[in-house]
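Remember, predicted model here, so these are calculated numbers, not experimental data.
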Amino acid sequence: MVARLSIHIPDEAVHVHELGAGQEVMLGRDPRCDVVVSHHSISRRHACLAQDAAGHWQLRDLGSKNTTRVDGRPLSASQVLDNGAWFAIGDVYIRFELVDSTAQDTSRTEHGRRRHSSMIWNTRLRHGTQAQKLIADLLRGIVEIAEAKRAFLLSTDHHGEWRVRACYAIDPEEISGRRFSGSRGAIDRAISARRPVYLSDQRDQAWLRQQASVLDAGIRALLAIPLLRDGKVLGVVYADTDDAERVYTDLDAQLLDALVDHAGNVMSALELEASLAEVSALLRVGSDGASAELGPAPHWSGSQLAPCRETRT
């Protein structure tokens, strides 16, 4: 039976590693480790997982600076991990699971289905010729691939002000107002760092404990992906879900990043940056592919981001 590690690094998609029977696996920041965990709280050689003669997987700390913990308690000796156990190395939480051949086959089938779905959406975006349809297809593609419940797209106007350009299954007044139940911080980080932000599972994210609106809404996983052209942020797509089982993994990041990259390339070809800045209407996107303008695009308020104005030299 294969063992699986799901590694939750803050702001990143969950990294999944499968361990073969009889292996001894070194975890740490050193590139020579069997499982490399790139986070500042991790020691170069942090912990070790090994299967004993009875088939049990034992976890031990290797004298790390920030310790290895199981159920919140630092390890003082080797400990057998039960199926479904959580442990932490530094500030990174890891779930340990045993996976039989049936579960592996199911996972491979599901991965194949999702890759096929991603390919279809990428083809749609590649052949897009109208800005409004492209935006609607991008948002619906993100929702389907991410298995999200709601989503929206932000972009800037000619004055550099952030506006809500399209929404899916969410009230635009909630997005632009102070009662937004998602994570403004994730959106800010995606825009300022120019990279995707993925957050999964409330147990792993300290930021959730300070975000009452997120907890009240029951949000369990969310993402924020910037749309880039030549290093400039054209916009950002946000999506979330209250599905307690949803975890965004490396596969999700690969499929979603590819979808957004395709959209960015097509947007460049269509000169969508200018189109987005000119558009003054909010687009509501439906699950049936229909879209409708709802009126003036509302401002994106409450963020710490300053207006996005270009610097000219």
Side-chain angles (χ1 to χ4, degrees), residues 2 4-18 35-39 86 92-97 99 103-125 137-153 168-170 182-183 185-187 189-191 193-205 207-208 214 218-228 235-265 285 287:
V2 171
R4 177 183 295 162
L5 299 180
S6 298
I7 303 172
H8 294 241
I9 298 176
D11 281 5
E12 296 184 15
V14 176
H15 305 285
V16 179
H17 293 270
E18 292 192 347
V35 176
V36 178
V37 186
S38 299
H39 192 263
W86 285 83
V92 175
Y93 285 79
I94 302 176
R95 189 182 187 195
F96 171 84
E97 299 173 275
V99 184
Q104 283 184 291
D105 290 341
T106 300
S107 180
R108 280 192 287 267
T109 300
E110 176 63 12
H111 286 184
R113 181 193 68 77
R114 300 188 64 221
R115 288 183 187 278
H116 180 69
S117 175
S118 174
M119 181 180 65
I120 291 173
W121 282 109
N122 283 325
T123 301
R124 282 191 184 186
L125 293 177
D137 282 347
L138 173 61
L139 209 55
R140 288 172 56 227
I142 291 286
V143 168
E144 181 174 313
I145 295 172
E147 298 175 348
K149 294 294 180 66
R150 59 183 193 168
F152 59 85
L153 170 69
Y168 181 100
I170 185 171
S183 174
I187 294 171
R189 292 198 296 279
I191 295 173
R194 292 175 169 78
R195 65 172 180 81
V197 170
Y198 293 93
L199 300 168
S200 303
D201 201 294
Q202 294 179 11
R203 285 171 292 188
D204 298 350
Q205 305 299 342
W207 63 272
L208 275 170
V214 174
I219 294 171
R220 301 302 296 267
L222 60 86
L223 60 88
I225 307 177
L227 286 74
L228 304 173
V236 61
V237 177
Y238 173 92
D240 63 28
T241 180
D242 59 1
D243 183 352
E245 300 301 318
R246 193 68 181 98
V247 172
Y248 291 127
T249 66
D250 290 327
L251 175 63
D252 294 295
Q254 177 186 345
L255 299 181
L256 292 167
D257 291 354
L259 187 70
V260 172
D261 282 345
H262 275 299
N265 291 335
V285 180
S287 59

For [X] and [Y], work out which heavy atoms get closest and say how close.
X	Y	answer
Ala239	Ile142	CB-CG2, 4.1 Å
Ala221	Arg246	CB-O, 3.6 Å
Ala186	Leu199	CB-CD1, 4.2 Å
Pro226	Arg194	CG-C, 3.8 Å

Please round to the nearest 0.5 Å and tell me the distance separating atom [atom1] of [X] and atom [atom2] of [Y].
X	Y	atom1	atom2	result
Arg195	Asp11	CZ	CG	5.0 Å
Leu223	Ser183	CG	OG	11.0 Å
Ile9	Ile94	CD1	CD1	8.5 Å
Leu255	Leu259	CG	CG	9.0 Å
Tyr198	Glu12	OH	CD	11.0 Å

**Prompt:** Can you tell which of Val237, Ile145, Asp261 makes a side-chain contact (heavy atoms from CB on, under 4.5 Å) with Leu256?
**Reply:**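 Among Val237, Ile145, Asp261, the one that satisfies the side-chain contact (heavy atoms from CB on, under 4.5 Å) with Leu256 is Ile145.
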
**Message:** Testing Glu97, His17, Glu18 one by one against Arg4 for a side-chain hydrogen bond (donor to acceptor under 3.5 Å, both in side chains), which residue passes?
**Reply:**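 Exactly one option meets the side-chain hydrogen bond (donor to acceptor under 3.5 Å, both in side chains) with Arg4, and it is Glu18.
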
**Request:** State which residues pass ring pair (Phe, Tyr, Trp, His ring centres under 6.0 Å) with Tyr238; sequence neighbours excluded, sorted by chain then number.
**Result:**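 Partners of Tyr238 by the ring pair (Phe, Tyr, Trp, His ring centres under 6.0 Å) criterion, ordered by chain and then number, come out as Phe152, Phe180.
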
**Asked** For Glu110, which residues count as a side chain to side chain contact (heavy atoms under 4.5 Å, CB included) partner, sequence neighbours excluded?
**Response**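 Partners of Glu110 under the side chain to side chain contact (heavy atoms under 4.5 Å, CB included) test: Arg113, Arg114, Glu147.
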
**Message:** salt bridge (charged side-chain N to carboxylate O under 4.0 Å, His left out), that's the test. Do Lys149 and Asp240 meet it? Break it down for me.
**Reply:** CA-CA 6 Å; Lys149 294 294 180 66; Asp240 63 28; over 6 Å; no

**Request:** Mind checking side chain to side chain donor-acceptor pair (under 3.5 Å) for Thr249 and listing every partner two or more places apart, or none if nothing turns up?
**Result:**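 Result, side chain to side chain donor-acceptor pair (under 3.5 Å) vs Thr249: Asp252.
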
